[in-house]
Amino acid sequence: MFAQQKERIEDYQGIWIAKPYYESFEKTKNALASKKAFAPTGPVGLRINMSEETNGKLSVGLAMLHDHLLRAEVSQYVVQGKDTLYEQGFFSIQLKEQDKNNAFNVYQGPYFGRWSPTKLILKENAVVLQRGGNSDVAVERISYVRIAEKFEKEYQFPNPLYYYMRKSLLTGDFTLKDSTDTTICPKFTIHPDGRMEGYSKLKNKSIYYSTDIYCGPEIIDEVVLIAEEFKDVNPHCAVFVFKKIDEKTIYLYKTYPRTNSSNGDVGAAEQKAPLGKVFYKLLRH
């Protein structure tokens, strides 16, 4: 019997999204429509970047759908003035511990405790997180799909979910118009890291598509956040309702998302409430 080939983790670099969520979102392109596709606090995205290896220990970035804060896109954390800015989550593996089944023991990082004991397994064209397998915890597996293999020099440590949402919906060149349909920027660019370029009022700001839809009254509108640079733990944000009109047209409304409340007539009234005038129109080139 031949021994199983040992995979090189270097060949698995990139951004990975949990297959159930990926398959759902690729169809819906809508976080609300994909709400039940994956557990809100489960590890929906992974970042494997060999530049995060130190003395044989590799830090793997982790993303979740449900989070009330924007998180810095860094490796583990960065000290900014008097604040320590953490990424959304991470865990570590010891590269020397790769076993004959191409599995690594996962060592806990923030928000990962409920998935312990866990292994990261390299499979052909996939990575897998496997939880449990002892008398206390049944075996559970999550398979991931790679959506990017390389990291840009100026964007080394993407939050996997932020990156995927932008790549799916926002990244590219647009003509930017205002509520009167007047062109205010003929070439407006949204970069993969969320930075916006071309329109002075949005300079040094970044855009985030929100998947934080699991608490409070059920909302009926998608949301993006436009945030200032991370200078502390609470960057100032403006909230916009996001409407994808067609493959080349996005409308942003500076309106709080409407809810589908169960409190009598309130929810019905809110659901019927118009969004008003569009604030920005983005027409993809």
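All residue numbers in this chain count up from 1 along the given sequence.
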Single-linkage hydrophobic cluster, 4.5 Å side-chain cutoff, [X] and [Y] together:
| X | Y | value |
| --- | --- | --- |
| V74 | L70 | yes |
| L62 | L69 | no |
| I121 | I17 | no |
| L65 | L32 | yes |
| Y256 | V223 | no |

Heavy-atom closest pair, residues [X] and [Y]:
| X | Y | result |
| --- | --- | --- |
| Y144 | V44 | CE2-O, 3.8 Å |
| A37 | P20 | O-CB, 3.7 Å |
| D99 | N101 | OD1-N, 2.8 Å |
| F230 | A72 | CZ-N, 3.8 Å |
| M165 | Y21 | CE-CE2, 4.0 Å |
| F151 | Q156 | CD2-O, 3.5 Å |

Apply the side-chain contact (heavy atoms from CB on, under 4.5 Å) test between L120 and each candidate in N105, L129, V128, L58; give the one that qualifies.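 That would be L129.
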
How about K6 and N102: does a side-chain donor come under 3.5 Å of a side-chain acceptor?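 K6 vs N102: no donor-acceptor pair found between side chains.
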
Is there a donor in the side chain of N49 and an acceptor in the side chain of S51, or the other way round, less than 3.5 Å apart?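 Yes - a donor-acceptor pair under 3.5 Å links their side chains.
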
For [X], is the [atom1] atom crowded, meaning more than 12 foreign heavy atoms sit under 6.0 Å from it?
| X | atom1 | answer |
| --- | --- | --- |
| E247 | CD | no |
| H236 | NE2 | no |
| K167 | NZ | no |
| K19 | NZ | no |
| E10 | CD | yes |
| Y214 | OH | yes |

Flag side-chain contact, heavy atom, 4.5 Å: [X] against [Y]:
| X | Y | value |
| --- | --- | --- |
| V60 | F104 | no |
| I190 | L282 | yes |
| L283 | K248 | no |
| L46 | F91 | yes |
| I213 | I219 | yes |
| I226 | K254 | no |
| P160 | W16 | no |
| I9 | I93 | yes |

Please check if the side chain of [X] supplies one atom and the backbone of [Y] the other of a donor-acceptor pair under 3.5 Å.
| X | Y | result |
| --- | --- | --- |
| Y12 | K123 | yes |
| D83 | L85 | no |
| E87 | Q76 | yes |

Out of curiosity, [X] [atom1] to [Y] [atom2], how far, rounded to the nearest 0.5 Å?
| X | Y | atom1 | atom2 | result |
| --- | --- | --- | --- | --- |
| M64 | D212 | CE | CG | 10.5 Å |
| S168 | K244 | OG | NZ | 8.5 Å |
| I207 | F242 | CD1 | CZ | 8.0 Å |
| S75 | F157 | OG | CZ | 5.0 Å |
| M196 | F174 | CE | CZ | 11.0 Å |
| F38 | F25 | CZ | CZ | 15.0 Å |

Which residues share a ring-ring contact (aromatic ring centres under 6.0 Å, His included) with F279, sequence neighbours left out: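 Checked F279 against ring-ring contact (aromatic ring centres under 6.0 Å, His included); matches are F240.
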
Within 45° of the six-membered ring axis of Y86 and under 6.0 Å from that ring's centre, is NZ or CZ of R71 located there?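 Output no; distance or angle outside limits.
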
Pairs involving residues 179-191, ordered by first then second residue, that meet side chain to side chain donor-acceptor pair (under 3.5 Å) (sequence neighbours left out):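 Residue pairs with at least one partner in residues 179-191: D173-T189, D178-T180, T180-T182, D181-K281, H191-E197.
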
Write out all pairs satisfying side chain to side chain donor-acceptor pair (under 3.5 Å) with one or both partners inside residues 220-229, taking only residues at least two apart or from two chains.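 Residue pairs with at least one partner in residues 220-229: N30-E222, Y209-E222, D221-K243, D221-R258.
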
R166/E73 salt bridge by N-O under 4.0 Å criterion: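 A salt bridge is present here (some side-chain N lies under 4.0 Å from a carboxylate O).
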
Under the 4.5 Å side-chain heavy-atom rule for ILVMFWY, direct or indirect, which residues accompany I245?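 Reading the cluster by chain and number, I245 sits alongside V241, Y251, Y253, L275, V278.
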
For the residue pair Y22 and Y164, categorise the inter-ring angle as parallel (less than 30°), tilted (30 to 60°) or perpendicular (more than 60°).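 Ring orientation of Y22 relative to Y164: tilted.
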
With sequence neighbours left out, what residues match K29 under salt bridge (charged side-chain N to carboxylate O under 4.0 Å, His left out)?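 E26.
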
Using the side-chain hydrogen bond (donor to acceptor under 3.5 Å, both in side chains) criterion, which residues pair with T249? Sequence neighbours excluded.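 D246.
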
Checking Y280 against Y199 for the side chain to side chain contact (heavy atoms under 4.5 Å, CB included) test, could you report, in this order, the C-alpha distance in whole Å, the side-chain angles of both residues, the deciding distance, and whether it holds? CA-CA 12 Å; Y280 289 124; Y199 183 49; 3.7 Å; yes

